S.K.: 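Please see the structure below; I have some questions.
Proteins come first, then strands; the chains are lettered A, B, ... in the order of their sequence lines, and each starts at number 1. Nothing here was measured: the structure is a model prediction, and the numbers come from that model. The figures here come from the full heavy-atom set of this structure, side chains too, leaving out hydrogens, waters and symmetry mates.
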Amino acid sequence: MENYIVEMDGISKSFPGVKALDDVSFRLRSGEVLALLGENGAGKSTLMKILAGVYPKDEGTIRILGKTVERLSPVIAQAMGVAIINQELNLCDHLTVAQNIFLGRELTKNGILSQKHMNEQAYRLLSRFQIDIQPDTIVGDLPVSKKQLVEIAKALSIDAKILIMDEPTSALTSKEIDNLFSIIRQLKEQGHGIVYISHRLEELQYIVDRVMILRDGRYITSMDFRDTTLSEIISYMVGREIKEKFPRIEQERGEKIFEVRNLNAGKMVRNISFSLYKGEIVGIAGLMGAGRTETTRALFGADPKESGEIIINGREVQINGPMDAIRAGLVLVPEDRAKDGLCINLSVRENIALPNLDMLTTPLTVVNRAKEDELTSKSIKNLDIKVAHPDVEANSLSGGNQQKVIVSKWLARNSKVVMFDEPTRGIDVASKVEIYNIMNDLKRKGIGVLFVSSELPEILGISDRILVMADGRITKELDVKDATQEIILEYATKFENKLEAGIGA
Amino acid sequence: MSNDKKQSRWMKIFSKRGMGQVITVTIGLMVLVIVFGLINPNFFSTRNILNLLRQIAPTLITGIGQSFVLITGNIDLSLGSVVGMSCMISATLMTKGVSPPVAVIITYAASMLIGILNGKLISKAKLPAFIATLGTMTIARGIAQIVNNNYNTDSIGEAAEGFRTLFYYGKTLGLYNTIWITFFIWLVFNFILSMTRTGRHIYAVGSNLNAAYLSGVNVSATVTKAYLVSAFCSSTVGLIITASSGMGTMDAGNAYELYAVAASVIGGVSTLGGQGILLGTVVGASIWGVLQNGLQFAGAPVAIRNIVIGIIVIIAVLLDIIVRGSKKIGKSKASAEASRAGITR
């Protein structure tokens, strides 16, 4: 009975600074759907990318269909029947469905591409699963949901026995999910093994046979789905070890400084309303794709918004671009340092001065170097940025120090509200504590702090109040005293139930 | 103590952005000058040096404009056509009896329109710079052809003698006026680029457009300003050509946009944006001019000159990539890995 098609044992994997997987074992049977569950950063995607040959493993053994494999690459994994369907789809938008399905293994006749042959085969494949797409459609013209089906068809065309689906339903409508699930059931009957990664726990009941839970890069448990409950699953997912000590400070809550009313901006920011008071840090928790970054960007004016009022110190402010937000005293430390935060080949001095040039220039807009040097060295000293000289390129600093440079850009001005988006991602523990201390310092000075993080211990350790987001909405507001990881995760997975209308099966 | 201070000042000059490349190419320039001086003793004659400087002027002036645009991370292919357009507009107006000062003002105004068009097409309509300026390049050349009904102009006449003296033939304090014009343009734009808020914004936009935008920089205005500088510089060169030849030539400035890129890039301005200084452009344009002048002196035919210069451009950029690459590749690989881990775990 125990005919496993994938057996992974003792898998470990480290990235610089983090141990992503620690001695993890994994089993997949033929003809089952296995849900691989865990919080952001639990190691789900890393484990599956090792199986698909995207990352090499550090330690451990992998057996696929009974054969032990030492070195895996995406090509070898594919040849052995492993296909991964990513959240970010890997299709060529300008080619047709059939051309995508046969990409890299085009059918030829006498050395010439046989378009007709490929279209015929693609058609047979698609109709076998009742996928209603013409093989000669240009992929770019298809909606995301259909693209996902093309990706699945592509995986099936190489006769993949092992299918890994990473958040396949996040972009689908209920009818499309219904369709996807019936395809998954068909595949199951035909003996394929399917690994299903999803944050949408309420979907599991329709297709899943077994669940496996990872936490902090470690194997926690696996069990048959019918023997468990959602709340039991959640309790296994959370409970991450709290390694760091969080330097919380107590502060009297003061007057309201910031209020957002009914902010709407696209699909990921819907009807967001909240307030922020002097002397408190408000954490925004949620899973990836919950709309947290989009919310901060819309508030900052970096992305356009459809509606909503922003009130700072009792006065409504019009924010149509970052410039307006900065002038109103609302600033953002963005999520992606390299992409949005730093001018990496400019000096530390120039980076810190950039948003503050209005205060550093003479009426003729000549930059006053003396003032600039003063501001820079003050910032470097205040935030204890480790840098040989303010004129070195920002690129040469460590991640933690780069983050401090970005933060210091905004502390030189009299900002009233500072939004931090994942400020501690990818930096070492010591720097994390320094970032917490900076936030505490702002809290002490009566500056509003809004703090987005995917790390629940961090959210619980630093914030005074917590907003939980899912699907672009705030699903719960919690005082930190009442908050636990379980409660937060419960609300973070509270998606609008697309399936309510009911799939009977 | 004072020794320490002195050292840190030197360190400052050397560690200044782009200085490394400028120092390397300056050594290259000196080698070239010595070699040509040995081949031909007349190379160092006052006459030749003055001519050489005046020969460098158009490449340097357009190089300054192109450097501004390159530092924002864009490119200006319309530059050479704006030179031709300015040459034809100014010459046509003067042959029709318009007074030279008025003709000069109209010429500058027309060029600025092209600059604004470039800037807005790229920063507002989000056209790729290569495509947008390819379009305006063709448009400006078309204007150069249409203003005098598809003919080069006649002589701009005696009324324009003052204009010709001012822009080309006259000398002040022993140097040709063209050299002085070049010097002042460099001085002003170097000041703007290195000392003012606009200059900072130009570097920031070229270095990381997203970060600049999120820091409150008006990206569209900044890019447009860079194209305006480029248009102003090209227009000046167009006027110098009119003054020197005494007539309007429709294909004046042909391929200057590429010479300007070459001068900038040899001098260490990165085509990827965010990097380079105008001192480098001076050295780059000088290498260009010295090679032209020196090879001509040495009796090399035009074809050989082109091939040699082409090779020099490739070597200069290749060296730069190798030097920068060896410094950064290790680090950026590691950080890419780390960030991937952060995102995908």
S.K.: In terms of heavy-atom proximity below 4.5 Å to chain B, should A:Lys339 be classed as side chain, backbone, both, or neither?
M.R.: both
S.K.: Pick one of side chain, backbone, both or neither for A:Thr361, based on which atoms fall under 4.5 Å of a heavy atom in chain B.
M.R.: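 Looking at A:Thr361, just its side chain touches chain B.
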S.K.: Which bit of A:Glu335 comes within less than 4.5 Å of chain B, counting heavy atoms only: side chain, backbone, both or neither?
M.R.: neither
S.K.: Considering only heavy atoms, which portion of A:Ala353 lies under 4.5 Å from any heavy atom of chain B: side chain, backbone, both, or neither?
M.R.: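 A:Ala353 touches chain B through side-chain heavy atoms alone.
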S.K.: Mind checking whether B:Val217 and A:Met323 have side chains closer than 4.5 Å, heavy atoms only?
M.R.: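 Sidechains of A:Met323 and B:Val217: no contact.
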S.K.: Of all heavy-atom pairs between A:Asn345 and B:Gly274, which one has the smallest distance, and what is that distance?
M.R.: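 For A:Asn345 versus B:Gly274, the nearest heavy atoms are OD1-O, 4.1 Å.
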S.K.: Any heavy-atom pair between the side chains of B:Arg197 and A:Asp358 that's under 4.5 Å?
M.R.: yes
S.K.: Heavy-atom pairs under 4.5 Å with chain A - which of B:Leu214, B:Asn210, B:Asn218 has more of them than the others?
M.R.: B:Leu214
S.K.: How long is the straight-line distance from CD of B:Gln275 back to CG of A:Leu346, given to the nearest 0.5 Å?
M.R.: 8.5 Å
S.K.: Heavy-atom distances under 4.5 Å only: say whether A:Arg297 touches chain B with side chain, backbone, both or neither.
M.R.: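 For A:Arg297, the side chain is the part near chain B, not the backbone.
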S.K.: Based on non-hydrogen pairs under 4.5 Å, which of A:Leu342, A:Val392, A:Leu332, A:Leu364 is most in contact with chain B?
M.R.: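 The answer is A:Leu342.
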S.K.: In the structure I gave you, are the side-chain heavy atoms of A:Cys343 and B:Tyr203 within less than 4.5 Å of one another anywhere?
M.R.: no
S.K.: Is A:Arg349 close to chain B through its backbone or its side chain, or both, or neither, when contacts mean heavy atoms under 4.5 Å?
M.R.: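 Contact with chain B: side chain only.
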S.K.: Taking the side chain as every heavy atom from C-beta outward, state whether B:Met195 and A:Val367 have any atom pair closer than 4.5 Å.
M.R.: no
S.K.: How long is the straight-line distance from CG of A:Asp340 back to CG of B:Asn208, given to the nearest 0.5 Å?
M.R.: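 Nearest 0.5 Å value for the CG-CG distance: 7.0 Å.
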S.K.: Look up atom CG in A:Asn356 and atom OG in B:Ser215, then write down how far apart they are to the nearest 0.5 Å.
M.R.: 9.0 Å
